[in-house]
S.K.: 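Here it is: the structure, laid out below.
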Amino acid sequence: MRHLTQPGLLGRLSRGNPKLAPWVLIGVHLIPVAIVALIWWIGLSPVFDGIHWVPAIAATIVAIAVPIPMMYAFGFWGAASGQDGGDQFDEDFTPLVAFGLGWLRWLLQIILIGGVMMGTILIWMDFRPWYISSSPEIDALPDDIATMPIPDDWEGIGEPSADWKKDHMAYTKPHAQFRASFYTPVTYDEMTDWVKNTSAWENSGFGAIDQIDCDASLEWCDAERVPEPGEPREYSLTISWHEARGVTDEAGNALHSVDVELKYAEDGQSWQ
């Protein structure tokens with residue numbers, strides 16, 4: 001026999017409607033997770049770059065203040081006290097509905113606690129979405145190098161590191177660098193002539209470069225990709241020459257190696 005008692009919180013919020021009750025449970029348990037996600041998203045704003053502890057503390061407060069009171073408000077698994085998954089809802093719903101709601105609540109409480117805690121940890125870590133998802137500009141770096149006016153007699157060497165996209169996760173905006181290496185018959189001076197051949201770069205798919213600075217003692221050249229008018233400088237190059245003793249082509253001519261490193265920094269954010 002059902003007891004004539006005051007409806008519980010879930011019964012009041014759902015007005016005793018068994019079809020509405022699950023959605024009420026889902027909504028109230030996911031709201032705190034959504035709040036932490038919103039704090040994380042707001043914390044990505046450049047405004048908080050120097051005071052990231054502000055959103056981190058806000059998320060911590062939510063993580064501490066919300067889950068336990070919510071579990072008391074809607075009940076929780078109490079196997080030690082002899083309660084099954086739905087005892088707390090028996091006064092407001094049929095036993096079968098109460099049992100189902102009990103298991104749904106158990107699942108949602110795991111999502112609530114796990115989501116809030118994980119979100120808070122990620123906020124303290126200043127975790128950025130591009131750490132996992134990369135960005136279209138980062139993904140395109142290998143193709144960008146392929147559009148450079150690379151001479152036909154330069155032969156590619158090996159494969160890039162599998163984790164090259166994850167080398168610079170300490171930045172608040174997408175940063176990455178991709179390096180391609182080539183065997184080439186050119187000397188260092190011939191390499192610098194190639195780098196400084198601005199017309200070849202302008203007519204290539206990569207586009208024009210400027211700010212060219214070559215250092216004979218280090219045997220490398222630095223340059224920057226010319227941005228579109230009004231856009232920040234986001235791409236820089238380091239092209240270095242290395243002597244490769246004992247490496248020859250099929251005709252027995254000596255070969256050397258050249259590394260072409262392309263760096264990308266969104267909005268021109270400085271490299272550390």
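Note that these values count all heavy atoms, side chains included, but never hydrogens, waters or copies made by symmetry.
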S.K.: Decide if the gap between the ring center of W194 and the ring center of W241 is smaller than 6.0 angstrom.
M.R.: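 They do not qualify: ring centres at least 6.0 Å apart.
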S.K.: Report the distance from atom CG of L141 to atom NZ of K263, rounding to the nearest 0.5 Å.
M.R.: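 Result: 12.0 Å between the selected atoms.
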S.K.: Between R225 and A208 (side chain of the first, backbone of the second, donor and acceptor by atom type, cut-off under 3.5 Å), is there such a pair?
M.R.: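 Checking the backbone N and O of A208 against the side chain of R225, no donor-acceptor pair under 3.5 Å is found.
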S.K.: Any non-hydrogen side-chain atom of C221 less than 4.5 Å from a side-chain atom of M191?
M.R.: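 Yes, at least one pair of side-chain atoms sits under 4.5 Å.
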S.K.: Just by distance, with hydrogens left out, do D259 and S257 show a side-chain donor and acceptor under 3.5 Å apart?
M.R.: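 No - no donor-acceptor pair under 3.5 Å links their side chains.
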S.K.: Measure from the side-chain N and O atoms of N203 to the backbone N and O of S199, and report whether any donor-acceptor pair falls under 3.5 Å.
M.R.: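 Yes; at least one donor-acceptor contact below 3.5 Å.
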S.K.: Using modelled atom types only, decide if a donor and an acceptor are shared between the side chain of W201 and the backbone of V195 within a distance under 3.5 Å.
M.R.: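 A pair under 3.5 Å: yes.
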S.K.: Run the side chain to side chain contact (heavy atoms under 4.5 Å, CB included) check on Q109 and M71 step by step: do they pass?
M.R.: CA-CA 7 Å; Q109 286 176 350; M71 291 175 70; 3.8 Å; yes
S.K.: Sequence neighbours left out, what passes salt bridge (Lys or Arg N to Asp or Glu O under 4.0 Å) with D139? Give chain and number order.
M.R.: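 If we apply the salt bridge (Lys or Arg N to Asp or Glu O under 4.0 Å) test to D139, skipping adjacent residues, the hits are K165.
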S.K.: How long is the gap from CE on M117 to CD1 on I64, to the nearest 0.5 Å?
M.R.: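 Rounded to the nearest 0.5 Å, the CE-CD1 separation comes to 10.0 Å.
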S.K.: Testing the basics here: between V260 and I145, what is the closest heavy-atom pair and its distance to 0.1 Å?
M.R.: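 In this case the closest contact between V260 and I145 is O-CD1, 3.7 Å.
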S.K.: Give me the atom names and distance for the closest heavy-atom approach of G43 to H52.
M.R.: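 So the two residues come closest at O-ND1, 3.9 Å.
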S.K.: Can you measure from CD1 (I123) to CD1 (I42) and round to the nearest 0.5 angstrom?
M.R.: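 The distance works out to 9.5 Å.
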S.K.: Closest heavy-atom contact between P185 and L255?
M.R.: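 So the two residues come closest at N-CD2, 3.8 Å.
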S.K.: So, for L112 and P67, which heavy atoms are closest and what is the spacing to 0.1 Å?
M.R.: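 In this case the closest contact between L112 and P67 is CD2-CA, 4.1 Å.
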S.K.: Would you please test Y235 and D144 for side chain to side chain contact (heavy atoms under 4.5 Å, CB included) and show each step?
M.R.: CA-CA 10 Å; Y235 297 87; D144 287 337; 3.9 Å; yes
S.K.: Write down the atom of Q269, the atom of A265, and the distance for their closest heavy-atom approach.
M.R.: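 Shortest heavy-atom contact: O-CB, 3.3 Å.
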S.K.: Could you tell me the separation between the OG1 atom of T172 and the CG atom of D126, rounded to the nearest 0.5 Å?
M.R.: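 Here the interatomic distance stands at 7.5 Å.
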S.K.: Around atom CD1 of I68, are there more than 12 heavy atoms of other residues, nucleotides or ligands at under 6.0 Å?
M.R.: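 Not more than 12 within 6.0 Å, no.
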S.K.: Could you grab the distance from atom CG of D153 to atom CZ of F182, nearest 0.5 Å is fine?
M.R.: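 It is 11.5 Å, given to the nearest 0.5 Å.
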S.K.: Go through the steps to decide whether L237 and M148 satisfy the test side chain to side chain contact (heavy atoms under 4.5 Å, CB included), and finish with yes or no.
M.R.: CA-CA 11 Å; L237 297 89; M148 294 178 181; 3.4 Å; yes
S.K.: Indicate the atoms forming the closest heavy-atom contact of G268 with P232, along with that distance.
M.R.: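 The answer is N-CB, 4.2 Å.
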S.K.: Establish whether I57 and I51 are linked, either directly or via other cluster members, by ILVMFWY side-chain heavy-atom contacts under 4.5 Å.
M.R.: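 I57 and I51: one cluster.
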S.K.: State plainly whether one hydrophobic cluster holds both L218 and V186, where clusters connect Ile, Leu, Val, Met, Phe, Trp and Tyr through side-chain heavy atoms under 4.5 angstrom apart.
M.R.: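 Different clusters.
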S.K.: Consider only side-chain N and O atoms of T60 and W124, and report whether a donor and an acceptor are under 3.5 Å apart.
M.R.: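 Indeed, the side chains of T60 and W124 share at least one donor-acceptor pair under 3.5 Å.
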S.K.: May I ask you to test the L101-P22 pair for a side-chain heavy-atom distance under 4.5 Å?
M.R.: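 SC-SC contact between L101 and P22 confirmed.
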S.K.: Are L107 and W103 connected in a single hydrophobic cluster, I mean Ile/Leu/Val/Met/Phe/Trp/Tyr linked by side-chain heavy atoms less than 4.5 Å apart?
M.R.: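 Yes, because W103 and L107 connect within a single hydrophobic cluster, where side-chain heavy atoms sit under 4.5 Å apart.
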S.K.: Please evaluate residues S240 and E219 with respect to the criterion side chain to side chain contact (heavy atoms under 4.5 Å, CB included), reporting the C-alpha separation (whole Å), side-chain torsions for both, the decisive distance (0.1 Å), and the verdict.
M.R.: CA-CA 6 Å; S240 54; E219 297 182 326; over 6 Å; no
S.K.: Is it the case that the side chain of S45 and the backbone of F48 share a donor-acceptor pair, with hydrogens and angles ignored and the cut-off at 3.5 Å?
M.R.: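 Not a single qualifying donor-acceptor pair exists.
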S.K.: Would you say I138 and F178 are hydrophobically clustered, going by side-chain heavy atoms of ILVMFWY under 4.5 Å?
M.R.: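 They do share one cluster, since a chain of ILVMFWY contacts under 4.5 Å joins I138 to F178.
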S.K.: Counting only heavy atoms from other residues, nucleotides and ligands, does the tally under 6.0 Å from CD of E155 exceed 12?
M.R.: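 No.
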S.K.: So Y171 and H175, would you call those rings parallel, tilted or perpendicular, with 30° and 60° as cut-offs?
M.R.: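 Correct class here is parallel.
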S.K.: For residues 25-34, please give each side-chain donor-acceptor pair under 3.5 Å, one per line with the distance, not counting sequence neighbours.
M.R.:
| from | atom 1 | to | atom 2 | distance (Å) |
| --- | --- | --- | --- | --- |
| H29 | ND1 | L25 | O | 2.8 |

S.K.: Hey, quick one: are W130 and L262 part of the same hydrophobic cluster, counting side-chain heavy atoms closer than 4.5 Å, chains of contacts allowed?
M.R.: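 Yes: a chain of side-chain contacts under 4.5 Å links W130 to L262.
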S.K.: Ion pair present between K173 and E266, side-chain N to carboxylate O less than 4.0 angstrom?
M.R.: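 A salt bridge is absent here (no side-chain N lies under 4.0 Å from a carboxylate O).
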S.K.: So does A223 get a backbone contact from the side chain of Q211, meaning a donor-acceptor N/O pair under 3.5 Å?
M.R.: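 No, the answer is negative, given that no donor and acceptor are paired below the 3.5 Å cut-off.
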S.K.: Does a donor on one side chain and an acceptor on the other come within less than 3.5 Å for T187 and D189?
M.R.: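 No donor-acceptor contact under 3.5 Å links the two side chains.
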S.K.: Any carboxylate oxygen within less than 4.0 angstrom of a Lys/Arg side-chain nitrogen, looking at D210 and R233?
M.R.: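 Looking at R233 together with D210, the answer is yes, because their closest N to O distance falls below 4.0 Å.
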S.K.: Nearest 0.5 angstrom please: D215 CG to T192 OG1, how far?
M.R.: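 Answer rounded to 0.5 Å: 11.5 Å.
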S.K.: So, for W154 and Y183, is the gap between ring centers shorter than 6.0 Å?
M.R.: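 No, the ring of W154 stays outside the 6.0 Å limit from the ring of Y183, centre to centre.
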